[in-house]
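Structure record follows, encoded as structure tokens.
Just so you know, residue 1 is the first one in the sequence shown, and it goes up from there.
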Amino acid sequence: MAARIDHLVTSGTFSLDGGTWDVDNNVWIVGDDSEVVVIDAAHDADAIAAVVGERRVVAIVCTHAHDDHIDAAPALAARTGAPILLHPADAELWKQTHPERAPDGELSDGQELTVAGTELRVLHTPGHCLGAVSLHAPALSTVFTGDTLFAGGPGATGRSFSDFPTIVESIRDRLLTLPPETVVRTGHGDSTTVGAEAPHLEEWIARGH
């Protein structure tokens, strides 16, 4: 059976630089009837585990280490035995949320993760934070972008560890070069496509989004 994509939305808070906001997060589960990868274990390990069911969790992949994307990762790892994977450039951010529990492995640009016979290729896409990654699944015509690219523009760059020129470069060189029909599955909100977002790059740059 080919890999499929399950999706759930979990709710909680995001805290950084002294502020806290209510957020709804997308959690993506990629796999088949026997094994899955969980992308961004946000807020509610029980809800995520319910969607996973009896399937083996190959890995818990963090697109970045903002607390709303990783707060449930250790609990889900303890429950499933799956390793938590994070790009090492986000280690400092990770420690702000989980000082006593390090990730189990590192993500690197070009790394390939395989689940249910389907390849997820790691693209280092910094800008929203230093260790942000996207995951491209060519066989599923999908890229999971975390908070790097949304329907309507780049992720926020107004907080610590973020940089607007860097996120624009990541989007331009790593994401908008993917086939235009590629579905962009984001960390929050609605999905979009590479083709829908690509024409607006210069607008984003002009307004310094």
Side-chain angles (χ1 to χ4, degrees), residues 4-17 19-30 38-44 48 61-71 87 89-90 93 107 109 120-138 140-209:
R4 64 181 186 271
I5 301 169
D6 295 322
H7 171 228
L8 72 153
V9 177
T10 57
S11 300
T13 61
F14 164 58
S15 298
L16 189 67
D17 297 340
T20 297
W21 301 266
D22 292 327
V23 287
D24 297 325
N25 284 62
N26 293 324
V27 181
W28 304 101
I29 299 171
V30 184
V38 174
I39 300 172
D40 288 345
H43 307 308
D44 192 337
I48 298 168
V61 179
C62 308
T63 62
H64 62 294
H66 283 155
D67 63 350
D68 57 319
H69 290 256
I70 63 168
D71 50 2
H87 193 284
D90 262 8
L93 261 178
L107 297 171
D109 188 58
L120 299 174
R121 184 175 178 84
V122 178
L123 307 175
H124 184 210
T125 50
H128 182 64
C129 48
L130 300 174
V133 301
S134 300
L135 298 160
H136 182 215
L140 302 176
S141 296
T142 289
V143 62
F144 301 93
T145 57
D147 288 1
T148 297
L149 177 62
F150 291 105
T157 53
R159 302 190 182 102
S160 298
F161 307 103
S162 67
D163 181 70
F164 180 72
T166 301
I167 202 171
V168 167
E169 181 179 354
S170 292
I171 293 169
R172 182 185 63 222
D173 297 346
R174 309 308 305 277
L175 300 178
L176 299 186
T177 53
L178 299 175
E181 68 273 14
T182 303
V183 177
V184 178
R185 301 182 192 267
T186 61
H188 309 271
D190 295 333
S191 296
T192 182
T193 64
V194 168
E197 300 307 318
H200 303 292
L201 178 65
E202 296 305 320
E203 297 171 28
W204 305 334
I205 294 172
R207 70 174 186 247
H209 189 72

- Apply side chain to side chain contact (heavy atoms under 4.5 Å, CB included) to L175 and V143, showing your working. CA-CA 8 Å; L175 300 178; V143 62; 4.0 Å; yes
- Message: Apply side chain to side chain contact (heavy atoms under 4.5 Å, CB included) to residues I167 and E169 and explain how you reach the verdict.
- Response: CA-CA 5 Å; I167 202 171; E169 181 179 354; over 6 Å; no
- Message: Before you tell me yes or no, could you show the steps for D40 and T63 under side-chain hydrogen bond (donor to acceptor under 3.5 Å, both in side chains), namely the whole-Å CA-CA distance, both residues' side-chain angles and the distance that decides it to 0.1 Å?
- Response: CA-CA 6 Å; D40 288 345; T63 62; 2.8 Å; yes
- Task: Output, in order, the C-alpha distance, side-chain angles, deciding distance and verdict of side chain to side chain contact (heavy atoms under 4.5 Å, CB included) for W204 and L149.
- Result: CA-CA 11 Å; W204 305 334; L149 177 62; 3.8 Å; yes
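Contact between C62 and L107 at its shortest, heavy atoms only, is O-CD1, 3.7 Å. Residues W28 and T186 come closest through the heavy atom pair NE1-O, 3.0 Å. Across every non-hydrogen atom of A151 and S191, the tightest pair is CB-O, 4.3 Å. Counting all heavy atoms, side chain and backbone alike, P165 lies closest to D163 at CD-OD2, 3.4 Å. Shown here for D6 and R4, the closest heavy-atom pair between the two residues is OD1-NE, 3.7 Å. When all heavy atoms of P154 and F164 are compared, the closest pair comes out as CG-CE1, 4.4 Å.
Counting only heavy atoms from C-beta outward, the side chains of H136 and L178 approach each other to under 4.5 Å. In this structure, the side chains of T10 and L8 come closer than 4.5 Å at one or more pairs of heavy atoms. Between V27 and V9 there is no side-chain heavy-atom pair separated by less than 4.5 Å. No side-chain heavy atom of I39 sits less than 4.5 Å from a side-chain heavy atom of I29. A 4.5 Å side-chain heavy-atom check between I5 and T142 finds at least one atom pair inside the cut-off. Between V194 and V184 the shortest side-chain heavy-atom distance falls below 4.5 Å. Counting heavy atoms from C-beta on, the side chains of V61 and L135 come closer than 4.5 Å. Side-chain contact between T125 and I171 is absent, with no heavy atoms from C-beta onward closer than 4.5 Å.
The main-chain N or O of C129 is never found under 3.5 Å from a side-chain atom of S162 such that the two would form a donor-acceptor pair. The backbone N or O of H124 lies less than 3.5 Å from a partner atom in the side chain of D109, making a donor-acceptor pair. Side-chain atoms of D147 do not come within 3.5 Å of backbone N or O of G155 as any donor-acceptor pair. Using modelled atom types, no side-chain atom of T145 and backbone atom of T148 make a donor-acceptor pair closer than 3.5 Å. For D90 (side chain) and L93 (main-chain N/O), no donor-acceptor pair under 3.5 Å exists by modelled atom type. Put simply, the side chain of S170 never gets that close to the backbone of V168: no donor and acceptor are under 3.5 Å apart.
The aromatic ring centres of H69 and H188 sit less than 6.0 Å apart.
Judged by the 6.0 Å and 45° rule, R159 forms a cation-pi pair with W21.
Note on ring orientation: taking the six-membered ring where Trp is involved, the planes of H66 and F14 are tilted (angle from 30° to 60°).
There is a side-chain donor-acceptor pair under 3.5 Å between S160 and D17. Side-chain N/O atoms of T182 and S141 include no donor and acceptor closer than 3.5 Å. Side-chain contact, D22 with T13: no donor N or O sits under 3.5 Å from an acceptor N or O. For the residue pair T20 and S15, a side-chain donor N or O sits within less than 3.5 Å of a side-chain acceptor on the partner. Counted by atom type alone, H43 and D68 present zero donor-acceptor pairs between their side chains at under 3.5 Å.
Atom-to-atom distance recorded for D44:CG and S11:OG is 9.0 Å, nearest 0.5 angstrom.
Applying the salt bridge (charged side-chain N to carboxylate O under 4.0 Å, His left out) test to residues at least two apart or on different chains, none of the pairs has a partner in residues 181-205.
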